[in-house]
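Single-structure report; data block below.
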Amino acid sequence: MEAEPTLSAALVLQRLMNVDQTRFTNKSLRTVEIAVKAWRKETAVEIINGDWMAISPLLQPATSLGNILR
């Protein structure tokens with residue numbers, strides 16, 4: 001989900017079914033919808049609170065580059 005946050009719950013379920021057909025079935029759609037909705041809500045709260053900047057290593061300042069403005 002983090003790599004592709006716009007995936008629909010149906011597509012997430014399809015990918016889960018491709019990985020493990022014995023554990024995930026078409027009957028799991030509602031459960032996956034609930035999980036995707038909860039993940040999106042949690043992510044939105046992190047973004048609104050600014051926490052996503054603190055936890056994302058990609059957004060950390062580049063300290064190893066030194067002073068590039070010389």
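Computed over heavy atoms, backbone and side chain alike; hydrogens, waters and symmetry mates excluded.
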Subject >> Nearest-0.5 Å distance that lies between atom OG in S8 and atom CG in L29 >> reply: 8.5 Å
Subject >> N26: side chain to side chain donor-acceptor pair (under 3.5 Å) partners, not counting sequence neighbours >> reply: none
Subject >> Cationic N near anionic O, under 4.0 Å, E46 to K41 >> reply: no
**OP:** Please round to the nearest 0.5 Å and tell me the distance separating atom CG of L13 and atom OG1 of T25.
**Re:** 7.5 Å
Subject >> F24 with L7, same ILVMFWY side-chain cluster at under 4.5 Å >> reply: yes
Original post:
To the nearest 0.5 Å, how far apart are CZ in R40 and OG1 in T6?
Top reply: 7.5 Å
Subject >> Joint hydrophobic cluster, W39 plus I34, side-chain heavy atoms closer than 4.5 Å >> reply: no
Subject >> R15 and E4: CA distance, side-chain angles, deciding distance, salt bridge (charged side-chain N to carboxylate O under 4.0 Å, His left out) verdict >> reply: CA-CA 12 Å; R15 290 183 178 185; E4 298 178 75; 2.9 Å; yes
Original post:
Looking at residues at least two apart in the chain, or sitting in another chain, which of them share a salt bridge (charged side-chain N to carboxylate O under 4.0 Å, His left out) with R23?
Top reply: none
